[in-house]
Chemist: 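My questions will all concern the structure given below.
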Amino acid sequence: MKFLSAAILALGLGVSLYSCSAGTAQKEPEEDLYMFTSFHEPADEGLRFLYSEDGIHWDSIAGTWLKPEIGMNIMRDPSIVAGPDSTYHLVWTIAWKGDTGFGYASSKDLINWSEQRRIPAMDSIASTQNVWAPELFYDDVKDQYMIIYASCVVDAGFDVGIEDEKNNHRLYYVTTKDFKTFSDPKLFYDPGFSCIDAVLVKRAPEDYVMVVKDNTRPNRNIKVAFAKSAEGPYSAASEPFTESFTEGPSVVKVGDEYYIYYDTYRKFIYSAHKTKDFVNFMDVTDSVSIPKDHKHGTIFRAPRSVVNKLIEASKK
């Protein structure tokens with residue numbers, strides 16, 4: 001009986017210890033913070049970051065994290081997406097005009113970056129004037145990345161309206177699965193007017209929103225369009241929800257609302273609207289806080305440990 005009791009006790013202890021061990025091994029999911037890519041004019045210093053606990057009040061992380069070394073040695077409109085393998089992919093504008101590619105680099109920690117590469121997005125289209133504001137989007141349906149950008153293609157046959165033919169932009173895109181090989185460029189969106197600065201939001205299966213700038217005079221404001229797949233086709237553009245002379249929209253979901261940040265550039269401020277349905281919008285500029293000199297970037301999420309290491313590195 002004593003032997004049996006000891007065996008039962010040992011078995012019970014073994015189960016208890018195993019349970020404790022298993023419990024210790026299970027880690028709570030790490031909290032993500034909001035990150036906002038940024039640059040300061042004249043765009044020659046490199047990649048900057050803002051961060052936020054709530055997606056509404058933002059602070060700067062001091063310093064620059066990748067100095068541009070390709071194209072005109074500028075970095076405008078930096079866009080980052082975290083891939084399924086937790087690699088951060090970065091694209092950016094490398095020239096105002098005269099270059100038909102965009103920049104690319106990757107990182108595992110947002111501190112150490114790969115070699116910068118020029119992606120020849122529109123090299124195959126001879127009359128292309130520029131490549132502006134490449135925006136990354138991960139299409140989880142096709143397991144591929146889309147890079148959407150604005151280009152002016154002089155002999156493409158689009159309506160010019162009151163725009164100069166070398167300032168008559170449409171949206172194009174390329175796709176990739178590995179950032180080594182890219183598709184040929186395709187027309188992404190022709191709303192019948194010059195447009196730039198597109199950002200995509202997936203709300204649900206077969207429910208996509210594009211926030212885009214109408215770049216025609218005298219509009220220069222921001223609108224939305226809708227589609228059932230990431231690659232479209234997208235609907236006609238809505239009426240604008242911002243005032244004129246606004247650009248560079250970025251979107252983040254906070255709770256059950258979407259905050260759309262954008263640059264009100266003639267007033268030298270960053271503004272915001274919020275919406276639940278991308279039909280009704282509320283101006284919340286007075287309730288958000290954005291550091292001075294922040295310029296067109298995109299918002300993504302990163303683990304708190306990654307952000308903390310960035311902040312620590314910025315103090316060295």
Side-chain angles (χ1 to χ4, degrees), residues 36-39 50 55-56 58 76-79 93 130 132-137 146-152 158 161-163 167-173 188-203 207-227 230 232-254 257-290 294-300:
F36 207 153
T37 59
S38 182
F39 73 96
L50 314 181
I56 299 171
W58 298 85
R76 305 183 64 85
D77 322 309
S79 173
T93 304
N130 61 321
W132 283 358
E135 182 77 19
L136 270 166
F137 180 80
M146 300 170 60
I147 303 95
I148 302 156
Y149 50 87
S151 286
C152 177
F158 300 123
I162 62 174
E163 298 305 307
N167 193 42
N168 188 33
H169 294 81
R170 295 298 187 275
L171 298 175
Y172 292 82
Y173 75 113
F188 184 71
Y189 191 53
D190 172 20
F193 54 80
S194 180
C195 56
I196 64 173
D197 293 354
V199 58
L200 299 189
V201 178
K202 182 178 182 179
R203 295 189 291 183
D207 186 357
Y208 295 80
V209 182
M210 174 172 56
V211 185
V212 61
K213 178 185 178 182
D214 178 343
N215 198 44
T216 57
R217 283 173 284 266
N219 296 328
R220 299 295 200 268
N221 48 32
I222 300 175
K223 303 177 176 181
V224 297
F226 304 90
Y234 282 81
S235 67
S238 70
E239 292 299 311
F241 64 88
T242 69
E243 61 185 279
S244 296
F245 307 110
T246 52
E247 65 184 9
S250 305
V251 183
V252 60
K253 190 175 185 182
V254 179
E257 297 176 312
Y258 294 89
Y259 279 70
I260 306 170
Y261 290 91
Y262 55 91
D263 189 351
T264 307
Y265 53 92
R266 284 200 171 180
K267 293 182 178 178
F268 302 100
I269 62 170
Y270 233 77
S271 304
H273 273 70
K274 70 177 181 180
T275 181
K276 289 187 176 181
D277 56 12
F278 289 92
V279 176
N280 302 289
F281 301 88
M282 177 183 294
D283 190 335
V284 290
T285 301
D286 291 341
S287 63
V288 303
S289 57
I290 299 286
H294 170 65
K295 298 293 290 185
H296 183 180
T298 54
I299 300 172
F300 63 102

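Everything quoted here is computed from the prediction, not taken from an experiment. Both backbone and side-chain heavy atoms feed into the values below; hydrogens, waters and symmetry mates do not.
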Chemist: Among Tyr173, Tyr172, Tyr149, find the residue that satisfies the ring-ring contact (aromatic ring centres under 6.0 Å, His included) test when tested with Phe188.
Modeler: Tyr173
Chemist: So how far is it from Ile196 CD1 to Lys213 NZ, rounded to the nearest 0.5 Å?
Modeler: 4.5 Å
Chemist: Please answer whether the main-chain N or O of Asn221 pairs with a side-chain N or O of Glu243 as donor and acceptor at a distance below 3.5 Å.
Modeler: no
Chemist: Check Asp197, Ile222, Leu171 against Val212 for a side-chain contact (heavy atoms from CB on, under 4.5 Å) and give me the one that passes.
Modeler: Leu171
Chemist: Could you check whether Trp58 and Tyr261, counting side-chain N and O atoms only, form a donor-acceptor pair closer than 3.5 Å?
Modeler: yes
Chemist: Considering all heavy atoms of both residues, which atom of Cys195 and which atom of Ala150 are nearest to each other, and what is their separation?
Modeler: O-CB, 3.9 Å
Chemist: Walk me through whether Asn130 and His169 qualify under side chain to side chain contact (heavy atoms under 4.5 Å, CB included).
Modeler: CA-CA 9 Å; Asn130 61 321; His169 294 81; 2.9 Å; yes
Chemist: State the OH-CD1 distance between Tyr259 and Ile299, to the nearest 0.5 angstrom.
Modeler: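 Here the interatomic distance stands at 11.5 Å.
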Chemist: Anything under 30° is parallel, anything over 60° is perpendicular, the rest tilted; go ahead and classify Phe278 against Tyr258.
Modeler: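 Tilted, since the angle between the ring planes falls between 30° and 60°.
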Chemist: Just one of Ile290, Thr264, Asp283 clears the side-chain contact (heavy atoms from CB on, under 4.5 Å) bar with Ser271, so which one?
Modeler: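 Among Ile290, Thr264, Asp283, the one meeting side-chain contact (heavy atoms from CB on, under 4.5 Å) with Ser271 is Thr264.
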Chemist: Under the 3.5 angstrom rule, does the side chain of Thr298 hit a backbone N or O of Ser250 as a donor-acceptor pair?
Modeler: no
Chemist: Got a second to check how far His294's NE2 is from Tyr270's OH, nearest 0.5 Å?
Modeler: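 Result: 4.0 Å between the selected atoms.
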Chemist: Can you name the nearest heavy-atom pair linking Ala272 to Val288, along with the distance?
Modeler: CB-CG2, 4.0 Å
Chemist: Tell me if a side-chain donor or acceptor on Arg220 pairs with a main-chain N or O of Asn215 at a distance below 3.5 Å.
Modeler: yes
Chemist: So do Val224 and Phe281 actually touch side chain to side chain, heavy atoms under 4.5 Å?
Modeler: yes
Chemist: Could you list the residues that satisfy side-chain hydrogen bond (donor to acceptor under 3.5 Å, both in side chains) with Tyr234, not counting sequence neighbours?
Modeler: none
Chemist: Using the ring of each side chain (for Trp, its six-membered ring), is Phe137 parallel, tilted or perpendicular to Tyr208, with breaks at 30° and 60°?
Modeler: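 Taking Tyr208 first and then Phe137, their aromatic rings stand perpendicular (interplane angle over 60°).
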Chemist: Please check if the side chain of Thr246 supplies one atom and the backbone of Asp263 the other of a donor-acceptor pair under 3.5 Å.
Modeler: no
Chemist: Looking at Asp277, is its backbone amide N or carbonyl O close enough to the side chain of Arg203 to form a donor-acceptor pair, meaning the two atoms are under 3.5 Å apart?
Modeler: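 Answer holds: yes.
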Chemist: What pair of heavy atoms forms the shortest contact from Ser38 to Pro78, and how long is it?
Modeler: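 Smallest interatomic distance, heavy atoms only, reads O-CG, 3.7 Å.
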Chemist: So, taking the atom named CH2 in Trp132 and the one named CD in Glu247, what distance separates them when rounded to the nearest 0.5 Å?
Modeler: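 Result: 9.0 Å between the selected atoms.
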Chemist: Indicate the atoms forming the closest heavy-atom contact of Ala236 with Ala225, along with that distance.
Modeler: O-CB, 4.1 Å
Chemist: Could you grab the distance from atom CD of Glu135 to atom CE of Met146, nearest 0.5 Å is fine?
Modeler: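 One finds 11.0 Å between CD of Glu135 and CE of Met146.
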Chemist: Atom OG1 of Thr285 and atom CD1 of Ile269: how far apart are they, to the nearest 0.5 Å?
Modeler: 6.0 Å
Chemist: Does any non-hydrogen side-chain atom of Arg170 lie less than 4.5 Å from one of Ser194?
Modeler: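 Yes; the side chains approach each other to less than 4.5 Å.
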Chemist: Does a side-chain heavy-atom distance below 4.5 Å link Phe241 with Val211?
Modeler: yes
Chemist: Is there a donor-acceptor contact under 3.5 Å linking the side chains of Asp77 and Ser79?
Modeler: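 No, no side-chain donor-acceptor pair sits under 3.5 Å.
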Chemist: Tell me the closest heavy-atom pair linking Ala227 and Gly232, and the distance in Å.
Modeler: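 Scanning both residues, the minimum pair turns out to be CB-CA, 4.0 Å.
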Chemist: If every non-hydrogen atom of His296 is compared with every non-hydrogen atom of Pro249, which pair is closest and at what distance?
Modeler: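 Smallest interatomic distance, heavy atoms only, reads NE2-O, 4.5 Å.
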Chemist: Go through the steps to decide whether Lys223 and Phe193 satisfy the test side chain to side chain contact (heavy atoms under 4.5 Å, CB included), and finish with yes or no.
Modeler: CA-CA 12 Å; Lys223 303 177 176 181; Phe193 54 80; 4.2 Å; yes
Chemist: Could you tell me which residues satisfy side-chain hydrogen bond (donor to acceptor under 3.5 Å, both in side chains) with Ser151, sequence neighbours excluded, listed by chain and number?
Modeler: none
